[in-house]
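Report on the following structure.
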Amino acid sequence: MNIAVVGAQWGDEGKGKIVDLVAPRFSVVARYQGGHNAGHTVHVGGRRFVLRLIPSGILHPGVTCIIGNGLVVDLKALFEEVDELAVAGITVDGRLLVSDRAHLILPYHRDIDRLSEAGLGARKIGTTSRGIGPAYEDKAGRRGLRVCDLTDASTLEEQIRDGVERRNRLAGDDTLDWRDVLQQTSILAERLRPWIGDVSVALARAMAGGRAILFEGAQGTMLDLDHGTYPYVTSSSATVGGACTGLGVGPRSVHAVLGIAKAYTTRVGEGPFPTELLGPAGDALRAKGNEFGAVTGRPRRCGWFDAVQVRHSVRVNGLDALVVTKMDVLDGLDGVPIGVGYRCGADTLTEFPASLRKLQQCTPVFETMPGWHAPTAGVRSAAALPAGAQAYLRRLEELTGVPVLLVSTGAAREDTVVRNEPLASTWFGGGLS
Ligand code: IMP
C-alpha cells in the first residue's frame, strides 16, 4: 500500500518523526516538492537529525530515497547533508536517486530571495532565504536549470551567466561572478552524477515489483501555493496533488493520505493565523513546545488547534486520517481551546476563506475542552492516555471528520500511541507500537 504523508497545518507538524517511524514498512520514501527550506527533525537513539532535502526514510538502511522532479535542489546543501549523515555512519550510496528533471537552486537564487524580501518591506513573506521562491519562479518562467542540464556544458554556462546577470542587475553590484558559480556547480555536478535518474520510471518499476512507496510532503497545506494563505505561502504544491506532478506518478498510485497536525498550531514567517496566541500565552506555548525553527532557528508563532483550518486540509488533500503530534505540550492546562469557526460581522464562517482581507475581519470562535493533569508525555498506549486527552482527541475527530491514527507524546520514535489499531495494521501491517 502506498501512502502519502502531508502537513495539515503551516508546516513543522512533525512529519519527519512520523515518516521515520513508518519508513521500515516501505521500500521507497519519495519527496515531491520544496527544497532545503524543510527541516524534518528525527530523534534516534539520543541523536537528533535535521533532514532538509533527503527524505526522512534515509535513517533506515533498506529504504531507497527519492528526490523528485518537483523539488528545487541546492547541490551545496544536498552534499552538506550527505556529509553530515556520513559522519553519523549513514551512507546514501546506492539508496538515493535524484530526478534528472528537478530544478536547481543556484547562489543567485539565494541573493534574489533576500533582495526581493527586502524590497517588499512591510509586505515581506518571511521566507527561509534559501532561494526557494526565485528557483520556482525561474521554473515557471521557463528559464530554470534542471539536473539533466548539468551534463550539457553550453546550456550550463549560458543559464548561469543569465542568472548571475539578473542577480547583479537587481542588486546593483557585480559581486557575484558567473565563472565562480559555473566552476562550483560543475564540481558539485560531477559528484551528483551517479545519483541522477528518471524518478518516474524508477517508481513505476518499484510499484510493478510490488514495492510499497511512501510519499513525503514538506511544509504544510496552508503553505501550499494554491490552497494556502496566498501570498504568504511557499512556492510549491505541498498538498497531496504535488505527489503526482512532483514525481511523475498517477493519482491511483496514492492509496491513502495521512495528515500530520500538532495538537495546537504553529506558523513561521508572516501571514494570517486566526487562532494565534499573542503575548505571554503564546510565549508560554512556544517555550513549552520548544517552538523554534529547525532550519532558521526563528521563533514560531503559536496558537490553538484550528478545526476550520484542518478541515480545509482534510478536504483539499482527501485525508483519510490524522496523526496528532506534540500532545504532551498541552499537559497540565486547565482548559484547552479549539477554534471551531470564524466570526465575521453577522456571519460565522466554517470554511477557510480565500480572501485574506476577509480573514482579517474575522475573529475566531473557540470552544474549550477540559484539560488533563496526568501527563501524556512518554505515554505509549492508547489506554494509558488520560481521559481528558482522549476526550480532546475524540473532539478533534468529530470536528475534522477523520480518525486520529497515531498520537505523538514525545520526540523519540517510541513515544507514539497507536490510537486506531485496525487502520494502523491495514496501512502499516501492525506492530508500530
Ligand atoms: P520559502 O519556502 O522559503 O519561500 O518561505 C515561504 C514561507 O513558507 C515562509 O513563511 C516560511 O517561513 C514558510 N516555510 C517554508 N518552509 C517551511 C517549513 O519547512 N516549515 C515551516 N514553514 C516553512
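In listed order, ligands and their atoms are each counted from 1. For the numbers below, each heavy atom of this structure counts, side chains included, while hydrogens, waters and symmetry mates do not.
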Look at the rings of F352 and Y342 and say which category their plane angle falls in: under 30° parallel, 30 to 60° tilted, over 60° perpendicular.
perpendicular
I'd like to check the ring-ring contact (aromatic ring centres under 6.0 Å, His included) partners of F305; sequence neighbours left out, ordered by chain and number.
none
Give the minimum heavy-atom separation between R52 and R31, together with the two atoms involved.
O-NH1, 2.7 Å
Between K17 and D20, does any side-chain N to carboxylate O distance fall below 4.0 Å?
no
So E117 and K124, salt bridge (charged side-chain N to carboxylate O under 4.0 Å, His left out) or not? Walk me through it.
CA-CA 5 Å; E117 279 284 87; K124 73 174 194 305; over 6 Å; no
Are R146 and D152 within salt-bridge range, i.e. N to O under 4.0 Å?
no
Under a 4.0 Å heavy-atom cut-off, which residues neighbour ligand 1?
W10, D12, N37, A38, I125, G126, T127, T128, Q219, L223, V233, T234, V268, G269, R298
